[in-house]
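Convention: sequence-line order gives letters A, B, ...; per-chain numbering from 1. None of the values given here were measured: they were computed from a predicted structure.
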There are 2 protein chains.
Amino acid sequence: MRINMRAPVQPTLLKTQITRNHLRFTRQRQEIFKVFVGMARHVTAEEIYREVLKKESRIGLSTIYRTLGLFCRFGLAEARQFGDGHTRYDPVYDKHHHDHLICTQCGEITEFENQHIERLQEQVARRHRFVIRRHKLELYGLCADCHDHGSGKRG
Amino acid sequence: MRINMRAPVQPTLLKTQITRNHLRFTRQRQEIFKVFVGMARHVTAEEIYREVLKKESRIGLSTIYRTLGLFCRFGLAEARQFGDGHTRYDPVYDKHHHDHLICTQCGEITEFENQHIERLQEQVARRHRFVIRRHKLELYGLCADCHDHGSGKRG
DNA sequence: TTATTATTGAAAACGATTTCTATTATCGTT
DNA sequence: AACGATAATAGAAATCGTTTTCAATAATAA
């Protein structure tokens with residue numbers, strides 16, 4: 001039997017959140033959400049914009065930013081910065097946190113999870129009487145391909 | 001520009017690095033370095049600028065940015081982004097890597113080190129055939145004060 | 001000293017994001 | 001289905017932190 005580890009985000013989830021907060025379920029919000037969950041992770045506002053433009057030819061980039069901010073406040077998305085000057089957005093499918101391996105040569109971003117590390121983080125926090133709300137662990141370096149062949153995938 | 005790396009931060013170090021690289025030991029670079037190493041860690045370019053202005057009343061903000069970039073290339077400073085839109089600079093006193101606890105209420109930044117976590121990171125990387133060059137671990141949440149009193153220090 | 005050229009300050013440019021405002025569209029009420 | 005209050009929009013302009021440009025200046029080598 002096949003099991004989906006990550007439950008897909010229901011289309012109804014956005015509407016639920018929106019009506020619960022007495023906001024308006026606009027065409028743009030629906031379209032942005034649909035595109036957002038259909039795209040790869042770690043996309044930029046620009047990338048989402050270009051994709052949404054195919055369906056909503058009159059949409060403004062500011063609407064993309066506003067709406068992504070809304071998704072973040074709703075807990076449907078998370079914003080991240082990997083230091084290249086672009087904020088990247090991640091749909092939140094479940095409560096599983098994930099960390100990143102970032103290849104500085106080809107740009108590949110691989111996700112990983114490690115409960116052992118998370119536990120040690122909690123230990124550190126406890127020692128400082130600090131309460132962790134969220135965290136960010138990013139390992140920068142060379143992925144297998146770039147390390148082996150030296151050349152990289154992006155030239 | 002060729003740059004020779006690696007050495008501990010001493011008062012003479014800036015001059016050593018500068019002459020070694022055939023650059024010019026200007027009044028501004030001396031003053032910025034002096035202020036920089038005398039300030040708290042994780043300072044912004046603006047904060048350094050305001051401090052340097054007290055001694056160098058005609059200095060430009062662009063010189064601060066340029067010079068901080070130089071320090072980073074020399075290995076005398078490191079640039080970090082904690083997601084508040086400001087690049088923060090850290091003098092590099094030794095080769096000890098440190099991670100951060102960042103209070104989202106009062107902004108306090110506490111440093112920590114944990115060799116156990118570092119070893120687990122290496123383990124994860126090995127599993128992905130990834131070679132780590134550098135890493136970033138940031139725990140966001142509430143510091144002891146903000147957690148206890150609720151109000152925070154800046155609020 | 002003088003020539004060479006790296007460095008500077010001020011202003012303009014920059015790219016991501018936010019704000020502004022007139023217009024449009026949603027939704028509770030008829 | 002239409003009405004009306006007002007939230008949300010598009011598009012432009014503004015803003016923010018940072019970088020670049022460029023003519024003038026100043027540090028070094030000759």
Legend entry - Presence of B:R29 side-chain N/O under 4.0 Å of D:dA27 phosphate oxygens OP1/OP2: no
Legend entry - Steps toward salt bridge (Lys or Arg N to Asp or Glu O under 4.0 Å) verdict (B:D148, A:R129): CA-CA 9 Å; B:D148 287 352; A:R129 301 190 50 244; 2.4 Å; yes
Inset, instruction - Select from A:T67 and B:F25 the residue whose nearest nucleotide in DNA chain D is closer to the 5' end of that strand. - result: A:T67
Inset, instruction - Could you check how far NZ of A:K15 sits from P of C:dT26, rounded to whole Å? - result: 11 Å
Legend entry - Distance, rounded to the nearest Å, where B:R58 contributes CZ and D:dA24 contributes P: 15 Å
Legend entry - Check against side-chain hydrogen bond (donor to acceptor under 3.5 Å, both in side chains), B:H116 and A:Q123: CA-CA 11 Å; B:H116 199 164; A:Q123 203 176 93; over 6 Å; no
Inset, instruction - Report yes or no: is the cationic atom of B:R133 (NZ for Lys, CZ for Arg) under 6.0 Å from the centre of the six-membered ring of A:Y140, at an angle within 45° of the ring normal? - result: no
Legend entry - B:T26 side chain, from C-beta outward: closest of C:dG9, C:dT7, D:dG11: C:dT7
Inset, instruction - Flag the pair A:F33 / A:F71 as yes when their ring centroid distance falls below 6.0 Å, and as no otherwise. - result: yes
Inset, instruction - Specify the separation, in whole Å, of atom OH of A:Y49 and atom C1' of C:dT18. - result: 15 Å
Inset, instruction - Mind calculating the distance between CD (A:Q81) and P (C:dG15) to the nearest angstrom? - result: 18 Å
Legend entry - A:Q30 CD - C:dT26 C1' separation (whole Å): 11 Å
Inset, instruction - Answer yes if the ring centres of A:F82 and A:H100 are under 6.0 angstrom apart, and no otherwise. - result: yes
Inset, instruction - Nearest-nucleotide wise, let me know which of A:T63 and A:H22 is further upstream toward the 5' end of DNA chain D. - result: A:H22
Inset, instruction - Send over the distance from B:E56 CD to C:dT8 C1', rounded to a whole Å. - result: 11 Å
Strictly under 3.5 Å: I want the nitrogen or oxygen pairs between protein and nucleotides 15-19 of chain D, one per line.
residue, atom, partner, partner atom, Å
D:dG17, OP1, B:H86, NE2, 3.4
D:dG17, O3', B:G85, O, 3.3
D:dT18, OP1, B:T87, N, 2.6
D:dT18, OP1, B:T87, OG1, 2.8
D:dT18, OP2, B:Y65, OH, 2.4
D:dT18, O5', B:Y65, OH, 3.2

Legend entry - Note: A:E31-A:R29 ion pair, threshold 4.0 Å (strictly below): no
Inset, instruction - Under 4.0 Å between any heavy atoms, over every strand shown, what does A:R24 touch: base, sugar-phosphate, or nothing? Just pick one. - result: base
Inset, instruction - Whole angstrom is fine here: how far is it from CZ in A:F71 over to C1' in D:dA8? - result: 14 Å
Legend entry - Whole-Å distance separating the CZ atom of B:R73 from the C1' atom of C:dA6: 13 Å
Inset, instruction - Considering just the side-chain nitrogens and oxygens of A:Q28, establish if one lies under 4.0 Å of OP1 or OP2 belonging to D:dA10. - result: yes
Inset, instruction - Scan side-chain atoms only and decide if B:Q121 and B:H135 contain a donor-acceptor pair under the 3.5 Å cut-off. - result: yes
